[in-house]
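What you are looking at is a predicted structure, and each value in this text was computed from that prediction instead of being measured.
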Amino acid sequence: MSLHQIAVSHSFLLSSRSAYTLNPLLFSKRNRFRISLSHSRFTSIKHRSFAVAVSDNGIFTSPELAKSFDFTSEERIYNWWLSQGYFRPKFDWESDPFVISMPPPNVTGSLHMGHAMFVTLEDIMVRYHRMRGRPTLWLPGTDHAGIATQLVVERMLASEGIKRVELGRDEFEKRVWEWKEKYGGTITNQIKRLGASCDWTRECFTLDEQLSRAVIEAFIRLHEKGLIYQGSYMVNWSPKLQTAVSDLEVEYSEEPGTLYYIKYRVAGGSSDFLTIATTRPETLFGDVAIAVHPQDERYSKYVGKMAIVPMTYGRHVPIISDKYVDKDFGTGVLKISPGHDHNDYVLARKLGLPILNVMNKDGTLNEVAGLYCGLDRFEARKKLWSDLEETDLAVKMEPHSLRVPRSQRGGEVIEPLVSKQWFVTMQPLAEKALLAVEKGELTIIPERFEKIYNHWLTNIKDWCISRQLWWGHRIPVWYIVGNDCEEEYIVARSAEEALMRARDKYGKDVEVYQDPDVLDTWFSSALWPFSTLGWPDELAEDFKRFYPTTMLETGHDILFFWVARMVMMGIEFTGTVPFSYVYLHGLIRDSQGRKMSKTLGNVIDPLDTIKEFGTDALRFTLALGTSGQDLNLSTERLTANKAFTNKLWNAGKFLLQVLPNRDNVSGWQNIEACKFNTEGYLLRLPLPECWVVSKLHMLIDAVTESYNKFFFGDVGREIYDFFWGDFADWYIEASKARIYHSGDDSVALVAQTVLLYVFENILKLLHPFMPFVTEELWQALPNRREALIISSWPQTALPRSTDLVKRFENLQALEEKEVLALLSKLDLDNIHFADSPPEDAKQSVHLIASEGLEAYLPLADMVDISAEVQRLTKRLSKMQTEYEGLKARLNSPKFIEKAPKDVVRGVQEKAAEAEEKINLTKNRLALLKSTVMLLQ
């Protein structure tokens with residue numbers, strides 16, 4: 001390898017106009033080359049006046065008029081977009097549409113960070129594909145939220161002293177609709193505040209006439225295929241709401257409880273007894289068997305005998321053996337109460353045991369409990385234990401941690417209860433949904449969730465779809481008045497159709513009444529991707545244009561409850577998967593990784609966050625997460641990204657300072673004549689311009705690829721690093737010298753043109769993430785012919801020079817951007833590369849920066865070296881302190897064992913980087929000290 005060297009001329013560093021001090025130039029690249037910087041003349045010029053291009057419509061504010069971006073302008077910008085119709089799909093674009101159905105938030109909802117997450121990610125996708133020229137539809141809507149809405153209205157009525165049952169069903173439903181009209185738009189307006197570019201002209205509500213028609217049609221078709229049936233099975237029962245609830249509406253919490261040890265006497269005149277440990281003694285009235293493990297020798301002699309259930313006047317139950325029993329829990333003896341325990345229920349059905357229910361629907365014990373009939377379940381527990389103690393059947397109580405199921409809505413303890421409900425047979429539907437993923441018709445992102453999806457569908461249970469509520473889609477089933485047998489019923493699309501069919505079958509005098517239950521809210525949600533587009537009318541224009549949709553984005557926690565059901569229903573009713581991709585985001589946690597909750601007091605309100613940091617900073621922070629992984633949200637992150645917004649604003653302000661005046665026609669003609677899409681033009685640019693344009697073109701390709709792969713965190717980081725690290729910190733500094741001191745209008749023109757070209761492309765790339773500040777800045781730039789939101793995405797595969805990028809990166813290795821700014825005052829024509837030292841090498845400082853790279857610096861008049869030594873000495877001390885802290889963490893076995901691998905790896909990388917910087921700084925200090933000696 002030849003020896004390449006850099007020589008910096010004497011006259012260059014002695015310029016009296018230079019306000020810069022010498023900093024030692026250390027290079028870190030492998031190639032050795034020599035740059036000779038000849039004398040160059042610098043001419044100061046005054047700042048040009050702002051070139052204001054913001055339209056005079058009162059919507060946008062130029063950086064010339066505001067110190068920083070004003071968050072209050074966000075709503076004005078949003079309403080302007082809306083008024084211009086930018087959110088609606090444009091069919092003059094000849095490409096496949098990009099379609100997302102928004103996960104419908106509850107109509108009772110108020111914006112939380114989960115909403116902010118899905119709105120951010122979906123809006124990023126929609127804005128990106130809109131700029132790519134695809135007809136784009138983001139279809140919004142809200143869910144009627146059966147339980148939540150009924151609860152809200154019942155509480156409102158209670159405050160007026162009114163009970164739901166006193167009003168009657170029709171009047172109650174009327175009151176709910178009135179509430180919905182008054183308050184139901186709250187969540188929609190809050191979603192708009194986040195910048196959601198949905199087509200609000202197509203907004204849907206799950207109880208709209210069209211969607212209700214789809215729900216009835218789906219029920220009827222499934223029933224006609226024998227996939228819907230009625231039966232008594234175990235469900236999650238809410239005693240307070242007096243309805244079955246879905247698994248999703250049950251939250252489990254670890255709570256302190258009690259394990260009760262009770263004697264069960266062995267029947268047949270024996271004095272023996274079996275001691276059973278249970279957390280719910282009140283359910284013993286529903287015991288149908290006593291079970292032990294087949295290999296538990298302690299109890300093998302009792303298998304086949306009978307036991308007497310306490311406090312039941314001598315009721316006998318069989319003692320059986322089954323591998324289901326855990327020998328190590330309690331005493332190893334299990335009471336089987338299939339009417340009130342999910343696992344016992346499964347075991348009883350397997351063994352053919354009877355099912356005995358001891359609970360009323362309001363949570364009180366029924367007549368099966370004898371003397372305890374009418375007592376609340378928890379009061380009955382206390383009284384029963386007291387009575388067991390009096391009869392010497394109570395052995396002991398001991399503390400025990402319980403996993404308690406509680407209602408997501410009311411917080412009450414959910415009761416496992418056998419109840420007559422409507423169910424959907426899921427297995428045949430699940431088989432098709434499994435095949436869709438297997439065949440690649442559906443892609444789940446991240447891929448690891450495919451296993452969870454497959455496991456759930458493989459082990460799927462029938463779906464309880466009925467709810468004992470008044471608010472929702474009424475089950476389209478009618479019974480015959482006066483007929484006690486509810487096994488005979490009529491399924492119809494309307495009451496008129498049901499009556500007609502009933503009279504055809506039972507006579508003209510017959511009357512019918514509708515099933516009082518409503519359908520599970522998730523049933524209508526399962527139809528969302530196609531019911532919102534006009535199904536069951538498959539000739540509807542929207543259905544033909546936009547179905548199947550492209551993307552379903554939602555939280556990974558409802559992969560089963562909603563996503564999988566949409567896939568099953570989509571295939572069943574339309575013959576195709578309802579979307580091609582499923583993108584799953586994680587939960588948002590606080591800075592310590594804790595789940596946000598009112599109890600912990602760590603809930604972060606998105607609207608409060610927007611007021612303090614702005615919508616763009618919030619969106620950018622949320623979007624930097626990784627798909628499927630939880631995101632820790634902190635004030636520090638938000639503050640940093642607010643600073644990013646300000647940095648963009650200040651960059652825009654600088655551009656407006658240096659661009660030609662708006663009325664400078666020839667100046668703008670010259671700028672617009674510059675084209676960066678040819679290699680020849682690129683290579684004629686000076687080094688700084690060639691470098692930044694090449695880096696921009698590389699960025700466009702990388703960012704576009706990351707957008708296409710849904711790697712949004714990578715997109716954000718790549719743009720952030722380029723804008724802040726390359727454009728703002730390096731090129732803007734370099735351009736100042738070229739514009740203000742070159743004394744050559746052509747040089748200034750090139751810098752102006754490149755500044756504008758790079759900045760407007762940064763705004764385009766960043767717009768999906770930070771729509772408000774980018775649109776504001778875009779509108780401030782001169783000669784904007786269209787809004788940023790509908791502007792064309794930057795072209796990919798544009799020319800770049802990797803060689804010149806490498807050269808400039810060697811200059812960047814100087815580390816001090818002030819020095820680079822000074823060097824950048826010279827054109828590429830004045831930089832010469834050579835393989836031998838300069839003629840004035842003896843009057844220069846000789847630096848061996850790294851293997852393969854040397855530099856020569858002039859010595860005369862370097863009066864600030866001592867100050868630089870002091871500065872670097874302090875810096876070295878600080879770096880050593882930080883390095884020692886990192887090493888201490890890595891030397892801690894506790895940290896290595898307990899910290900996540902990626903965290904440990906990150907600390908290791910930081911330590912290695914810190915060590916390298918320390919060595920470089922030591923070398924620089926040694927050089928400077930030797931230079932001082934040379935000058936003495």
Note: Arg784-Glu760 ion pair, threshold 4.0 Å (strictly below):
yes

Give a yes or no on this: more than 12 heavy atoms of other residues, nucleotides or ligands lie within 6.0 Å of atom NZ of Lys917.
no

Exactly one of Leu696, Leu655, Val754, Ile732 should register a side-chain contact (heavy atoms from CB on, under 4.5 Å) with Phe759. Which one does?
Leu655

Going by an N to O cut-off under 4.0 Å, is there a salt bridge joining Glu733 and Lys736?
yes

Could you label the plane-to-plane angle of the Phe712 and Tyr583 rings as parallel, tilted or perpendicular, counting under 30° as parallel and over 60° as perpendicular?
tilted

Between Phe60 and Trp80, is the ring centroid distance below 6.0 Å?
yes

Polar side chain donor-acceptor pair, Asn641 to Thr639, under 3.5 angstrom:
no

With sequence neighbours left out, what residues match Thr120 under side chain to side chain donor-acceptor pair (under 3.5 Å)?
none

Salt bridge between Asp721 and Lys695, side-chain N to carboxylate O under 4.0 Å?
no

Would His129 and Ile100 count as a side-chain contact (heavy atoms from CB on, under 4.5 Å) if you check the C-alpha gap in whole Å, the side-chain angles of each, and the deciding distance to 0.1 Å?
CA-CA 11 Å; His129 286 284; Ile100 298 183; over 6 Å; no

On the 0 to 90° scale, with breaks at 30° and 60°, tag the Phe644-Tyr720 ring pair as parallel, tilted or perpendicular.
tilted

Do Arg875 and Thr921 have side-chain atoms, one donor and one acceptor, less than 3.5 Å apart?
no

Determine yes or no for a side-chain-to-main-chain donor-acceptor pair under 3.5 angstrom, with Glu74 supplying the side chain and Thr615 the backbone.
yes

Using the ring of Trp81 (Phe, Tyr or Trp, six-membered ring only), decide whether Arg127 places NZ or CZ under 6.0 Å from its centre and within 45 degrees of its axis.
yes

Would you call the rings of Phe727 and Tyr731 parallel, tilted or perpendicular, taking 30° and 60° as the class edges?
parallel

Measure the acute angle between the ring planes of Phe69 and Trp649, then classify it against the limits of 30° and 60° as parallel, tilted or perpendicular.
tilted

CD/Gln908: more than 12 non-hydrogen atoms of other groups inside 6.0 Å:
yes

Is any side-chain N of the basic residue among Glu672 and Arg785 closer than 4.0 Å to the acidic one's carboxylate O?
yes

Output yes when Asp701 and Arg800 qualify as a salt bridge under the 4.0 Å nitrogen-oxygen rule, no when they do not.
yes

Using a strict 4.0 Å threshold on nitrogen-to-oxygen distance, state whether Asp714 and Arg717 make a salt bridge.
yes

Test your reading of the model: is there a side-chain donor-acceptor pair from Ser706 to the backbone of Phe711, 3.5 Å cut-off?
no

For Ser95 and Gly133, indicate whether the former's side chain and the latter's backbone hold a donor-acceptor pair under 3.5 Å.
yes

May I ask you to check whether His585 and Glu553 show a side-chain donor-acceptor distance below 3.5 Å?
yes

For this output row, return yes or no: ring centroids of Trp793 and Tyr128 closer than 6.0 angstrom.
yes

